[in-house]
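In each ligand, atom 1 is the first atom listed, and ligand 1 is the first ligand listed. No hydrogens, no waters, no symmetry mates; every other heavy atom, side chains included, goes into these values.
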Amino acid sequence: MSKEKVLIIGSCGQVGTELSESLRNIYGNFNVISSDLKKPQSDFWNQAPFETLNVLDKKNISEIFSKHKPSIVFHLAALLSATAEKNPKQGWELNMNGLFNIFDASIDFGVKRIFWPSSIAVFGPTTPKINTPQKCIIEPNTVYGITKLTGERYCEYYFNRYGLDVRSLRYPGLIGYKSDPGGGTTDYAVEIFHEALKNKRYTCFLKPDTNLPMLYMPDAVKATLDITHAASEKIKIRSSYNLSGFSFSPSILAQKIKNHIPDFEISYNPDQRQAIAESWPGSIDDFDARQDWGWQNDYDLDGMVKDMIENLTARYSSM
Ligand code: AKB
């Protein structure tokens with residue numbers, strides 16, 4: 001495995017930060033090249049190679065690919081649901097043209113394998129809401145969902161047409177304590193922990209009963225690595241796999257947090273993100289991922305809440 005050179009694009013985001021750490025442990029710091037629009041000032045990003053990379057700049061991409069000759073690429077750069085809704089044209093530009101540029105460079109420079117995340121946002125209001133199957137009516141009504149669905153079709157197309165070995169997961173909402181999410185509809189499920197610990201209160205931008213599928217970050221990283229490392233013949237779905245851990249609503253999560261922080265209070269002030277959340281499923285059937293390449297989540301809702309509170313408590317008390 002140590003022969004591989006790994007490039008992570010969009011490495012400073014919520015998934016990229018944790019994935020960079022895990023990939024460095026597997027391949028060694030010098031075989032993992034992190035990249036993003038800007039390099040944050042912290043020791044973590046100084047400990048391994050870092051490149052400034054704009055996925056809309058083909059020359060910049062060529063330079064980085066030619067310099068490092070990556071064998072595996074994780075392409076994570078994207079505008080998430082709420083941000084893309086504010087800037088629909090920019091959402092399409094970054095999410096789609098960025099994807100084409102990375103796919104094309106990967107073919108030109110002989111990349112062996114690519115991981116690209118899709119999302120539960122591919123589903124829309126006409127999709128069955130409960131235990132949403134892998135294959136069903138998929139009519140997204142957000143720009144983010146439209147780009148993710150189009151991206152999935154192109155993953156399959158590039159695999160069939162050019163033999164590009166792309167693997168993909170439909171991430172649900174992701175919850176972690178190591179880095180903050182940005183611009184998503186499911187982000188309330190991270191913010192709530194920080195506010196509960198700092199201020200003992202949180203105003204949620206979704207209604208109390210909005211059920212959404214979620215996954216704890218260690219499981220998201222595990223799924224990402226497992227699908228990327230799986231033998232090619234195990235990857236039977238070349239668009240993107242359904243993936244899930246557990247589902248909950250803001251009121252259920254608040255109750256779980258109250259079990260640890262009894263004086264925590266939640267209030268609700270739904271905004272435009274409510275409509276996005278309502279267009280998405282409440283729970284996901286990820287049978288194919290479990291059957292084809294052995295996906296299994298380690299954390300349930302209670303395990304995630306306990307781990308988040310323990311780790312964030314330690315972080316805030318050391319500040
Ligand atoms: C978002 O809320 O936009 C993302 C997602 C579900 O893809 N977390």
Handout entry: Min N/O separation Tyr144 to ligand 1 under 3.5 Å
Key =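 Yes - when backbone and side-chain N and O of Tyr144 are compared with those of ligand 1, one distance drops under 3.5 Å.
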Handout entry: N or O contact, Trp280 vs ligand 1, cut-off under 3.5 Å
Key =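 Checking ligand 1 against Trp280, no N or O pair falls under 3.5 Å apart.
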Problem - Atoms in ligand 1 with a heavy atom of Leu80 nearer than 4.0 Å - result: 3 (O)
Exercise for the section: Fit a plane to each ring of Phe115 and Tyr171, take the angle between them on a 0 to 90° scale, and name the class: parallel (under 30°), tilted (30 to 60°) or perpendicular (over 60°). Expected result: tilted
If you have a sec, work out which protein heavy atom is nearest [atom] and how many Å separate them, to one decimal?
atom	result
atom 3 (O) of ligand 1	Ser81 OG, 2.5 Å
atom 2 (O) of ligand 1	Thr185 N, 2.7 Å
atom 5 (C) of ligand 1	Ser119 OG, 3.5 Å

Completion exercise
atom 8 (N) of ligand 1: of Ile120, Val15, Thr186, the nearest heavy atom sits on Thr186
Practice task
Look at Arg273 together with Asp271 and state whether they make a salt bridge at an N to O cut-off of under 4.0 Å.
Solution key: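 Between Asp271 and Arg273 there is a salt bridge, with a charged N closer than 4.0 Å to a carboxylate O.
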Are the aromatic rings of [X] and [Y] close, with centres under 6.0 Å apart?
X	Y	answer
Trp280	Phe123	no
Phe100	Tyr154	yes
Trp295	Tyr241	no

Practice task
Using distance alone, with no hydrogens and no angle criterion, decide if Arg170 and Asn242 have a side-chain donor and acceptor under 3.5 Å apart.
Solution key: yes
